[in-house]
Amino acid sequence: MFRVFVSGREAQVDEGATAAQVLKGSKAVAARVDGRLVDLATALAPDSKIEPVGFDSEDGRDIYWHSASHLMAQAVKQLFPDAKVAIGPAIPEGFYYDFEVKTPFTEDDLRAIEKRMRLLSKKRISVEHKWLPRDEALRLFKDRGEDYKLEIIEGIPEKRISVYEQGDFVDLCRGPHVPDTGRIKAVKLLSVAGAYWHGDEKNRMLSRIYGIAFPDAEQLERYIENLEEAKRRDHRKLGPELDLFSFHEEAGPGLMFWHPKGATVRRMIQHYWEAEHLKAGYQLVVSPHIARSGLWHTSGHYDHFRESMYTIPTGEEEEYVLKPMNCPGHMLIYRSRVHSYRELPLRMGEWGVVYRNERSGTLHGAMRVRGITQDDAHIFCTENQVESEVQGVVELTLRMLRTFGFERFSVDLSVRDPDNTEKYMGNDEQWQVAEKALVAVLERLKLPYKRAEGEAVFYGPKIDIKLLDALGREWQCPTCQFDFNLGDRFDLLYVGEDGRHHRVYLVHRTVLGGIERFMGILVEHYGGNFPTWLAPVQARVMAVTDSQNEYAHRVFELFREGDVRVEIDSRNDKIGYKISEAERLKIPYMLVVGGREVEKQTVSLRKHREGDLGVLPIDKALKRIQEDGAVPVPR
RNA sequence: GCCCAUGUAGCUCAGUCGGUAGAGCACUUCCUUGGUAAGGAAGAGGUCGUCGGUUCGAUUCCGACCGUGGGCUCCA
């Protein structure tokens with residue numbers, strides 16, 4: 001007998017007791033012993049501290065989904081003995097496993113695999129951990145023809161190799177795992193997709209199956225309901241439904257057409273953006289869409305960004321380039337005269353439309369397009385202004401995101417790929433100094449962030465902020481980037497206090513990112529229910545019968561003169577029908593006028609998703625909507 | 001670009017084992033004048049994504065291409 005601590009409480013256990021025994025009765029899928037995640041079958045040492053790890057925790061879900069991926073691999077190997085397993089991790093929502101198969105899986109295969117998984121789950125096959133000597137592990141996977149596992153073992157330096165065995169299936173794995181397959185209860189395989197081995201497009205394409213699993217069927221049902229709710233919020237559905245924007249095969253993929261309503265939302269965003277930026281000391285400029293290719297050689301884009309650029313042969317003159325970025329234009333504006341240190345920091349902003357020949361398979365609704373409107377800006381400053389400028393950008397960004405109601409986003413510190421530094425501009429010292437400045441800002445603002453190696457752009461490290469779409473996928477929107485490249489290439493200088501020329505430091509940034517993408521995110525974020533200040537139509541006047549149409553028109557005119565974006569519905573339909581349509585179109589305010597309102601010169605006000613707000617005099621209703629619909633003004 | 005799926009009316013979807021198509025909603029007209037989420041009737045609307053092949057005949061079978069979706073890679 002010795003003592004252990006179970007969730008902080010002391011307990012006496014026999015020699016050889018396992019985590020499973022002391023956690024009996026809990027819904028643990030694994031255990032945390034002295035801070036380390038382990039299998040429930042792990043034998044305990046004296047004085048160890050044991051905590052249950054359940055599906056209700058992130059670690060627990062991770063283990064659970066990882067185990068589900070093993071179960072899926074077991075089912076696949078039984079149904080498709082020729083399939084070779086590659087890797088099968090848990091992901092934030094569910095799991096996947098990659099297989100090499102002669103013919104990729106079909107939807108029908110998925111159903112069959114799912115069925116086999118349920119069968120294997122019912123058998124409650126125990127999942128056992130083993131340490132194998134290196135050569136034995138190599139032999140095991142060689143005998144089974146698992147080439148990918150052999151390759152993975154090659155990359156593991158240790159002498160002993162960790163494997164998990166469940167019945168006829170063995171997988172190379174660090175674990176931990178659930179104790180038996182019976183734990184994996186409610187499974188749904190969601191999709192098949194191609195994926196390159198090691199994520200490198202030079203490698204063979206594997207067949208990937210995505211799935212999700214829960215300890216009980218009700219949770220799975222809820223998950224599927226949530227997926228369907230997310231589909232209702234999808235900007236590709238709401239965009240056309242609310243008449244915001246469209247794409248046209250005839251025009252080409254990835255080119256967004258902003259309809260009057262979408263363009264109105266965009267204009268409101270821009271009004272607000274300009275107010276914030278002028279307040280923050282930005283100067284706004286406009287630059288042309290095309291420029292001689294020489295400019296793009298100077299900037300380095302011709303060498304580093306060529307495959308994304310559209311070029312325009314002109315016949316007699318030199319080739320032109322349709323701008324994929326706004327930077328070179330801003331560099332020219334800066335360089336058009338001598339600047340004193342007194343002018344710095346100089347913040348130059350533009351809603352610049354850029355075109356990029358994105359690979360066809362990467363396009364995605366409004367989120368990934370070929371014609372991108374960037375709310376771009378370049379900050380020209382001295383070395384010791386850089387940090388406060390970056391901080392200013394991040395603070396401006398957070399303030400603006402709050403205005404749009406974004407609470408959930410993730411922050412990345414994108415740095416060089418340490419194994420491949422030659423594809424970047426700038427020297428080691430520059431990168432270190434820049435990274436230090438970015439980290440200092442993130443820490444001063446207490447922003448939790450993730451270091452993302454290899455995510456930097458060729459000209460410098462950056463802070464990226466990612467917003468979530470309805471399905472929880474991340475999309476990079478705001479970004480704040482160091483630029484070691486253009487200052488040198490364009491020889492950008494300022495005259496310092498000492499009367500000498502100095503090189504400017506350059507920060508490149510966007511707050512919204514691409515407006516097309518931001519619009520897509522915004523539609524999904526609000527589920528199409530724009531706040532009144534952004535709503536393309538803020539109010540709709542509707543008469544109860546057509547004998548009030550004249551009065552309705554007068555109300556309509558009064559609101560229009562009061563700068564409310566108002567429509568009138570004078571169709572020959574019942575009021576219930578008109579309201580139903582206005583609700584469907586997500587118009588914030590409905591102004592119902594019937595005989596009683598005509599008599600008293602009032603309107604009956606109804607709010608979208610809230611219902612009847614009662615009868616008000618016209619001017620009161622107008623004032624209310626004007627106040628609710630005002631573009632937020634920065635303090 | 002790569003893998004898989006998919007493309008029928010403005011939208012959501014039926015359908016034809018090969019003989020040139022149908023519903024609901026939306027639209028137009030008429031009836032109805034109705035008080036807070038869908039009143040009724042009629043009409044109009046489709047080169048069945050595009051181009052080729054097989055066939056007496058293709059929207060249907062085959063192929064290529066284009067678009068869209070889910071991923072991979074790439075990126076705001």
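The basis for the numbers below is simple: all heavy atoms, side chains too, and nothing from hydrogens, waters or symmetry mates. The chains referred to below are lettered A, B, ... by the order of the sequence lines, with proteins before strands, and numbering in each begins at 1.
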Exercise for the section: Please round to the nearest 0.5 Å and tell me the distance separating atom NZ of A/K578 and atom CG of A/D573. Expected result: 6.5 Å

Exercise for the section: Choose from B/U36, B/U33, B/C75 the nucleotide whose nearest atom is closest to any side-chain atom of A/R606. Expected result: B/U36

Practice task
Take atom C1' in B/G45 and the same atom in B/G39, then report the distance between them in whole Å.
Solution key: 24 Å

Practice task
Considering just the side-chain nitrogens and oxygens of A/R473, establish if one lies under 4.0 Å of OP1 or OP2 belonging to B/G70.
Solution key: yes

Practice task
Return the orientation label for the A/W431 and A/Y424 ring planes: parallel under 30°, perpendicular over 60°, tilted otherwise.
Solution key: perpendicular

Exercise for the section: Ignoring the backbone of A/T362, work out which of B/G35, B/C72, B/A76 is nearest its side chain. Expected result: B/C72

Handout entry: Sugar-phosphate, base or nothing in reach of A/R517, heavy atoms under 4.0 Å
Key = base

Exercise for the section: Please work out if A/G611 contacts a base, only the sugar-phosphate, or nothing of the nucleic acid, heavy-atom cut-off 4.0 Å. Expected result: nothing

Practice task
Please determine if a side-chain N or O atom of A/R208 lies less than 4.0 Å away from the OP1 or OP2 oxygen of B/C2.
Solution key: no

Exercise for the section: Using a heavy-atom cut-off of under 4.0 Å over every strand shown, decide if A/V354 touches base, sugar-phosphate, or nothing. Expected result: nothing

Exercise for the section: Give a yes/no on whether any side-chain N or O of A/K574 is located under 4.0 angstrom from OP1 or OP2 of B/U36. Expected result: no

Practice task
Could you measure between the two C1' atoms, the one in B/U29 and the one in B/G69, and give it in whole Å?
Solution key: 39 Å

Practice task
State, without any angle test, whether A/T397 and A/R509 hold a side-chain donor-acceptor pair at a distance under 3.5 Å.
Solution key: no

Practice task
Examine the side chains of A/Y551 and A/E597 and answer whether a donor and an acceptor come within less than 3.5 Å of each other.
Solution key: no

Handout entry: Distance, P atom - from B/A21 to B/A44, rounded to whole angstrom
Key = 16 Å

Exercise for the section: Quote, to the nearest angstrom, the P distance that separates B/U16 from B/G70. Expected result: 29 Å

Problem - Donor/acceptor link under 3.5 angstrom from A/R359 side chain onto base of B/U73 - result: yes

Completion exercise
Winner on side-chain proximity to A/I579, out of B/A37, B/G35, B/G39, is B/A37

Handout entry: Whole-angstrom distance between B/G15 and B/G7, as gauged at atom P
Key = 12 Å

Practice task
Could you check whether A/S191 gets within reach of a base, just the sugar-phosphate, or nothing at all, counting any heavy atom under 4.0 Å?
Solution key: sugar-phosphate

Handout entry: Any N/O donor-acceptor pair, A/R370 side-chain to B/C75 base, under 3.5 Å
Key = no

Exercise for the section: Look at the side chain of A/E250 against the base of B/G67 and say whether a donor-acceptor pair falls under 3.5 Å; ignore hydrogens and angles. Expected result: no

Exercise for the section: Determine the interatomic distance between P on B/U8 and the same-named atom on B/C48; round to the nearest Å. Expected result: 12 Å

Exercise for the section: Respond yes when some side-chain nitrogen or oxygen of A/S360 is under 4.0 Å from OP1 or OP2 of B/G1, and no when none is. Expected result: yes

Handout entry: A/Y577 side chain near B/A26 phosphate (N/O to OP1/OP2, under 4.0 Å)
Key = yes

Practice task
Report yes if a side-chain nitrogen or oxygen of A/H364 is closer than 4.0 Å to either non-bridging phosphate oxygen (OP1 or OP2) of B/G70; otherwise report no.
Solution key: yes

Problem - Side chain to side chain, A/V511 and A/E276, heavy atoms closer than 4.5 Å - result: no

Exercise for the section: Using a 4.0 Å heavy-atom cut-off across all strands, classify A/I575 as base, sugar-phosphate, or nothing. Expected result: sugar-phosphate

Exercise for the section: Please report the closest heavy-atom contact between A/N485 and A/F458, naming both atoms and the distance. Expected result: ND2-CE1, 3.6 Å

Problem - Assigned partner base of B/C2, Watson-Crick or wobble definition, under 3.5 Å - result: B/G71

Handout entry: Under 3.5 Å donor-acceptor pair, A/Y196 side-chain atoms to B/G71 base atoms
Key = no

Handout entry: More than 12 heavy atoms of other groups within 6.0 Å of A/E151 CD
Key = yes

Handout entry: Side chain of A/E583 (C-beta onward), nearest among B/A37, B/A76, B/G70
Key = B/A37

Problem - Phosphate contact (B/U73 OP1 or OP2) by A/R204 side-chain N/O below 4.0 Å - result: no

Exercise for the section: For B/C25 versus B/A37, give the span between their C1' atoms, rounded off to a whole number of Å. Expected result: 15 Å

Practice task
Could you give the distance separating B/G49 and B/U12 at their P atoms, to the nearest angstrom?
Solution key: 15 Å

